[in-house]
Amino acid sequence: MTAALSAHELIARHRSTLDQALEAIRTRAYWSPHPEHPKAYGENGSLDAAAGKAAFDALLGSRLDLGQPGTDDWVGGEASPYGIDLGVTYPHADLDVLLPAMKAGQRAWRDAGAEQRAVVCLEILKRVSDRTHEFAHAVMHTSGQAFMMAFQAGGPHAQDRGLEAVAYAYVEQVRTPDNAEWTKPQGKRDPLAMTKQFTPVPRGVALVIGCNTFPTWNGYPGLFASLATGNAVLVKPHPRAVLPLALTVRVAREVLAEAGFDPNLVALAAERPGEGIAKTLALRPEIRIIDYTGSTEFGDWLEANARQAQVYTEKAGVNTVVVHSTSDYKGMLSNLAFSLSLYSGQMCTTPQNLLVPREGISTDQGPKSYDEVVADLATSVDGLLGDDARANALLGAIVNPDVKARLEAASGLGEVALASREITNPDFPGAVVRTPVIVKLDGAKPDDEAAYMSECFGPVSFAVAVDSAADAAELLRRTVREKGAMTVGAYTTDPEVEQAVREVCLEEAAQLSLNLTGGVYVNQTAAFSDFHGSGGNPAASAALCDGAFVANRFRVVEVRRDA
């Protein structure tokens, strides 16, 4: 295959970015090559706002032909949570044709080496970044995120996570040298001498099972970790969120072909309505790696049944915040209100349980009773979302009927401290927009435990009254151990309480945020610096991103001979 993009050209173009990413994961300092502001785009080949919207509009009602082998049908059916039909159709694959075609290109991709694979991945990410405005609309109209969140989380933040995975993959592959000269002294006899060659080899075809809520942010780490370590990658999007990942696959195939590699190293597996091909794919012998984000039930099934594959899951958990005391009561309330409201709570990191001592908390505004804390938080959420335009910009749209049903059922679980209300989106009258509900529960009542010890994905939070800080720490421990947690938060001015919560999180492997009162929130993580999940509790079997996330996607094969 003739390369329009030479390895030398790609290395010259992207090696400095790779080096900066390597430095960022070493220092954990802030860094990103992908601009967060929409106005930063429109030069050097990138699409500005108008061009990106036009590119998205041109996709509506179209057939997205990827040119991949084995296409036996065209499928679609995505409907935007904002009330419009996308009308895009995608290739449906005959797996017995597509999977062998994907494996055919792995030898040349393996032999290219870690550096060339990394810079090809960076070229893919650069081209995706240039089309961030287009991708933002695709993410918005499949996930229900408001535009600015879709732009940032679905664009630069997702691209950062992909680049972070490439950086970790590169580090792990070059940890072992390509060649070594080995000599062992033998006393009076001649020494033993050997030459040894070490080659990272891919496991096989990797399967990325996409999610509805964050198709690119959750999809890119596994996609690029597997591709950068030499594996072919089959992307199986969520049937309600195909477009963002299908566009990604199209870009990846174009870059691979231009770089002289088989474009079938990356392919799409779209499905017919109700077909449910994830289980079928997961058990195929060709599939050797699986990345999955979604429900605990299916994640557990993958871990138990896809025995031929390395399985990386991000499932569900019950995220908890301990509210013990604070030196900035207003800041605490504002921070929590934003965390509960962002994207209608449809994030795997959104707090669900707020553990508050029943005798109240100490604050810079004096003592506050449990009832006051909960009422003040409700008032803070109301104030944040009081203006409908701002509320629409923060809440987005409810992504599926199950979330709406859970929200409506929550009011029957206990005393409602903050009722959910319906908001109209003037630009998209078909959107289902709801404010969060806060329900008061008692941690000492067995009847309430069934509610707060179950994940209630969406804009539902429980203010759980507990007897003491020690009880809060113990309930936190039990929740993380039994149900898992992607995030834990705590507010306290007491060093002993802080240490107790910290110890729980260290022992149960949960990521902890302490006393957040400013512009950083418990449900946000920054690539290159923060770990998303830990892989150490039931919420997820992997962390985004660390060495463990990439190192087992390849093995090192040694060839040795006498010198």
Side-chain angles (χ1 to χ4, degrees), residues 2-25 29-59 64 66 115-140 145 147-167 170 215-217 219-221 223-224 227-228 243-261 263 266 526-528:
T2 303
L5 285 172
S6 70
H8 177 77
E9 180 182 357
L10 287 171
I11 290 169
R13 187 181 297 179
H14 296 298
R15 180 69 217 204
S16 64
T17 301
L18 177 60
D19 288 339
Q20 290 176 81
L22 296 172
E23 180 67 5
I25 64 173
Y30 171 77
W31 176 75
S32 171
H34 304 115
E36 288 184 312
H37 200 288
K39 291 184 179 179
Y41 297 81
E43 297 179 355
N44 301 317
S46 64
L47 301 181
D48 63 12
K53 177 63 163 61
F56 169 75
D57 289 342
L59 292 167
L64 201 69
L66 301 175
E115 183 180 45
Q116 190 172 354
R117 286 194 295 270
V119 294
V120 169
C121 288
L122 266 60
E123 178 67 18
I124 297 169
L125 286 164
K126 174 62 169 63
R127 295 195 191 182
V128 170
S129 176
D130 287 344
R131 296 167 59 181
T132 292
H133 275 282
E134 177 187 0
F135 273 76
H137 289 285
V139 171
M140 174 183 176
Q145 296 174 31
F147 177 77
M148 185 54 73
M149 184 176 186
F151 184 93
Q152 293 184 339
H157 297 170
Q159 296 151 21
D160 282 349
R161 282 296 187 194
L163 175 53
E164 178 186 42
V166 174
Y170 179 80
T216 55
W217 199 98
Y220 283 6
L223 193 167
F224 285 100
L227 192 60
L243 185 56
L245 290 177
L247 292 175
T248 305
V249 168
R250 183 163 71 175
V251 173
R253 291 175 63 84
E254 290 170 354
V255 171
L256 285 163
E258 290 179 32
F261 297 102
V266 178
F528 310 108

Report task. Kindly compute the distance separating CG (Leu66) from CZ (Arg253), expressed to the nearest 0.5 Å. Result -> 6.0 Å
Query raised in the report: Which residues satisfy the ring-ring contact (aromatic ring centres under 6.0 Å, His included) test with His137, sequence neighbours excluded?
Result: Phe56, Phe147
Query raised in the report: Within the distance-only criterion (no hydrogens, no angle test), does the side chain of Arg131 pair as donor or acceptor with the backbone N or O of Gly52 below 3.5 angstrom?
Result: no
Query raised in the report: Mind checking whether Leu125 and Phe224 have side chains closer than 4.5 Å, heavy atoms only?
Result: yes
Query raised in the report: Between Thr132 (side chain) and Gly155 (backbone), is there a donor-acceptor pair under 3.5 Å?
Result: no
Query raised in the report: Once you round to the nearest 0.5 Å, how far does CZ of Phe135 lie from CG of Leu243?
Result: 8.0 Å
Requested in this report: Could you walk me through whether Ser32 and Gln159 pass the side-chain hydrogen bond (donor to acceptor under 3.5 Å, both in side chains) test, one step at a time?
Outcome: CA-CA 9 Å; Ser32 171; Gln159 296 151 21; over 6 Å; no
Query raised in the report: Is a side-chain donor or acceptor of Glu258 paired with a backbone partner of Ala4 at a separation under 3.5 angstrom?
Result: no
Report summary line: So CD of Gln20 and CH2 of Trp31: to nearest 0.5 Å the spacing works out to 5.0 Å
Requested in this report: Check the pair Phe528, Leu163 against side-chain contact (heavy atoms from CB on, under 4.5 Å), reporting the backbone distance first and the verdict last.
Outcome: CA-CA 9 Å; Phe528 310 108; Leu163 175 53; 3.9 Å; yes
Query raised in the report: Hey, what do you get for CG (Leu10) to SG (Cys121), rounding to the nearest 0.5 Å?
Result: 11.0 Å
Report task. Could you tell me whether the side chain of Arg13 reaches within less than 4.5 Å of the side chain of Val119, counting heavy atoms only? Result -> no
Query - Pairing residues for Asp19 by the side-chain hydrogen bond (donor to acceptor under 3.5 Å, both in side chains) criterion, not counting sequence neighbours - result: Arg15
Query - Qualifying residue for side chain to side chain donor-acceptor pair (under 3.5 Å) with Asp130, from Arg127, Lys126, His133 - result: Lys126
Query - Full working for side-chain hydrogen bond (donor to acceptor under 3.5 Å, both in side chains) between Glu36 and His157 - result: CA-CA 8 Å; Glu36 288 184 312; His157 297 170; 2.5 Å; yes
Requested in this report: Can you sort out the partners of Tyr41 under side-chain hydrogen bond (donor to acceptor under 3.5 Å, both in side chains), two or more places apart, ordered by chain and number?
Outcome: none
